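These numbers were taken from a predicted model, which means no experiment stands behind them. Letters A, B, ... mirror the listed sequences (proteins, then strands); counts begin at 1. Because only heavy atoms are used, hydrogens play no part in the values below, and waters and symmetry mates are left out as well, while side chains stay in.
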Amino acid sequence: MSRIVVHGLEKSYGDARVLERVNVTAEAGEFLSLVGASGCGKSTFLRILLGQEQQSSGVVIVGDGPIVPEPTPQRGIVFQRYSVFPHLTAMQNLLLVEDFRSGGPFGRVFGARRRKARQEAEAMLARVGLAHARDLYPASLSGGMQQRLAIAQTLLGRPQILLLDEPFGALDPGIRVEMHDLLTELWTEHGMTVVMVTHDIGEAFKLGTRVLVFDKVRHDPQFPSAYGATITYDLRLDRKTRASSHHLAKVAAMVGTTRPETAMATTAS
Amino acid sequence: MLVKGMSARDEASETGGEGTTRPSRPRPKVRLRMINAKVSRGSALFLGGLPFLFVAIVYLIASAQRLAVNPSDKLLPSPAQMWSAFLDLATVPDRRSGDLILWVDTYASLLRLFAGVGVATFAALSLGIAIGFIPRVRAFLLPFVTVVCVIPPLALLPILFIALGLGETAKITLIAVGVAPVMVRDIANRVMELPSELVAKAQTLGGNSWTMVLRLVLPQVMPRLITCVRLALGPAWLFLIAAEAIASTEGLGYRIFLVRRYLSMDVILPYVAWITLLAVITDWLLVRLSQAMSPWAHPLEAR
Ligand SMILES: Nc1ncnc2c1ncn2[C@@H]1O[C@H](COP(=O)(O)OP(=O)(O)O)[C@@H](O)[C@H]1O
Ligand SMILES: [Mg+2]
């Protein structure tokens, strides 16, 4: 629903440069999969898009103007850990969205508005298959249920851009396939722009409309953190490229982690 | 070891197959490490009671010995003497004032204690959250609170008595000033430890600073606040008794120090036990309160 333009982005922590010369334009409704070696700055990039952190230099435009340097309802996020509020039950987690949106002095909505929020939350719980868990605290939900709840909560916030940081990284393979289906359905329904970080290349190919690889192109053996990572490969996926083991193997070689065969299996699932 | 035990059990069931009943399986004897050995509920109760029993027995023996030598000995009174002294204070009106002394003392002391700790709790909540959550307030107040934390509160007692007089205000202030700074710092730390993911997520859902305090920070620090209060009650009793010992006309601490002049151990010891009981009950109530207010933070007890 909103396009993202990143131009000449650079991010350093002190002397350590994490990202440099990052340029990318994502059209509204695209689904970007971000892959790259562990520690190369994918989460940092996502936190900048979220507004939780600011770039050291460069331009980030989200929607109609420069990014607001703090998290806003324009951009929703699903983290791998701490993805939902542990002090609220599943239902309360979803109701919280309307409470926050109202911004009232009690941080809570009442009367007709609350009833409406409750209906919406019930529907959303059912939509993600958590109707039976409405009164459970996140601690007693499985990892997959927690992530489903997190996605439901984020979608109730009606973001134009959905950011996902390894959302299924801690889940079992079977559950992961379920989550893929759910996410694809919800993305088709809501049509928001999605940026997802994943370490699973199969997942990246299966879900995304585009795969971006983050990697370092310059190395200084004396001072490894002198240069940051940038986008080294930008692949638009259509039906042909998605199924092509050639592209998948190429990306897998760049990232240097997942074995191509397992990734192929995930994409096919 | 486990394997050996199992094979022994198998043999036993084979040889015992004479037709009548299967012999009860001998449990494999496995010596666990000390740190893994479980304690059953019964033995936990027994073990926990032992130290109390030990102290009671030592006291009874010592007291009996002293009283056998000198029946009017005041140092280690017998349980009967203590009980009658305690009952007198609890049920017989004082000759001069007509008050039931124990209850007047208890009421006065608890009022001071809860007023002081209540003020400190309120300060911890409001200041602690402000310091922990709002960088500008943190820059403004954290250095000051950190310095105040290291002032020994009892050294302030004379200043409080001079500035506020010998009345209730000085005593309540001493308790509040004594326990608040540490509580403020602890709550501020807890707020700063909140996972940044949760704070970021709350903002993406439209939370503003105030609604996030209400719906995220407050519920998240509640269990810690109650723990803080539990820990603060120890020092609070100390400050209460110190203040009462110096300037008061009633109160548990006042009574103890008053009768000290007459070596009335038969009053002092029951009073100490009474204070201990009050402290234990308060602590238990606070644990219960925490479980009721934050069931999510006590998943094991809730079951
Ligand atoms: N707040 C921070 N301060 C200093 N260094 C950081 C900070 N956050 C991340 N880094 C560094 O930036 C690099 C990239 O981290 P991250 O974005 O989490 O990688 P990825 O998500 O790709 O695994 C890492 O080397 C990490 O040590
Ligand atoms: Mg990461």
Side-chain angles (χ1 to χ4, degrees), chain A residues 43 46-47 49-53 68-90 92-109 135-141 149-150 153-163 165, chain B residues 125-126 128-130 132-138 187 189-228 287-303:
Chain A
S43 297
L46 215 63
R47 281 201 299 274
L49 290 185
L50 177 62
Q52 203 183 359
E53 278 183 46
V68 183
E70 65 175 0
T72 71
Q74 182 191 33
R75 290 152 273 148
I77 178 85
V78 176
F79 292 109
Q80 182 179 355
R81 296 173 63 234
Y82 302 113
S83 54
V84 288
F85 298 99
H87 62 280
L88 297 173
T89 63
Q92 290 167 341
N93 259 289
L94 297 192
L95 285 176
L96 182 68
V97 179
E98 188 62 23
D99 288 340
F100 270 148
R101 193 175 0 239
S102 76
F106 305 106
R108 192 178 277 279
V109 290
D135 295 322
L136 295 181
Y137 286 101
S140 30
L141 299 180
L149 180 61
Q153 185 181 43
T154 304
L155 287 182
L156 279 182
R158 299 196 278 272
Q160 298 168 13
I161 293 168
L162 177 61
L163 307 172
D165 193 351
Chain B
L125 210 51
S126 46
I129 288 181
F133 207 42
I134 305 170
R136 204 171 286 160
V137 178
R138 187 180 318 151
I187 294 301
N189 275 333
R190 177 72 188 89
V191 175
M192 286 188 272
E193 281 166 11
L194 276 181
S196 61
E197 286 93 338
L198 292 185
V199 181
K201 173 122 195 193
Q203 294 178 76
T204 63
L205 298 178
N208 60 38
S209 301
W210 172 244
T211 51
M212 280 192 290
V213 165
L214 286 182
R215 301 303 309 277
L216 171 63
V217 181
L218 211 55
Q220 284 274 333
V221 299
M222 207 34 103
R224 179 65 156 267
L225 181 78
I226 292 178
T227 306
C228 261
V287 173
R288 275 307 156 98
L289 182 68
S290 184
Q291 286 168 353
M293 287 183 79
S294 319
W296 58 276
H298 307 272
L300 276 179
E301 293 97 315
R303 253 178 238 150

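For A/Q74, no part lies under 4.5 angstrom from a heavy atom of chain B. Contacts between A/F79 and chain B at a heavy-atom distance below 4.5 Å involve the side chain alone, from C-beta outward. B/L198 touches chain A through backbone and side chain together, each having a heavy atom under 4.5 Å away. Looking at B/M212, the atoms closer than 4.5 Å to chain A (heavy atoms on both sides) sit in the backbone and in the side chain alike.
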Subject >> side-chain contact (heavy atoms from CB on, under 4.5 Å) between A/L50 and B/T204, intermediate numbers included >> reply: CA-CA 8 Å; A/L50 177 62; B/T204 63; 3.5 Å; yes
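A/F100 contributes atom CZ, which lies 8.5 Å from atom CG of B/N208 (distance to the nearest 0.5 angstrom). Separation of atoms OG1 (A/T89) and CH2 (B/W296) is listed at 13.0 Å; rounding is to 0.5 Å. Annotation: the span from B/L205 atom CG to A/L94 atom CG amounts to 10.0 Å, rounded to 0.5 Å.
The shortest non-hydrogen separation linking A/P73 to B/G206 is CG-CA, 3.7 Å. Minimum heavy-atom separation, A/P71 to B/A200: CB-O, 3.8 Å. Closest non-hydrogen pair, B/P295 versus A/Y137, comes out as CG-OH, 3.4 Å.
The backbone N or O of A/P105 lies less than 3.5 Å from a partner atom in the side chain of B/W210, making a donor-acceptor pair. In terms of modelled atom types and a separation under 3.5 Å, the side chain of A/H87 and the main chain of B/R215 share a donor-acceptor contact.
Of the residues considered (A/E98, A/R81, A/R75, A/R101), A/R75 shows the highest number of contacts with chain B, using heavy-atom pairs under 4.5 Å.
Side-chain N/O atoms of A/T154 and B/K201 include a donor and acceptor closer than 3.5 Å.
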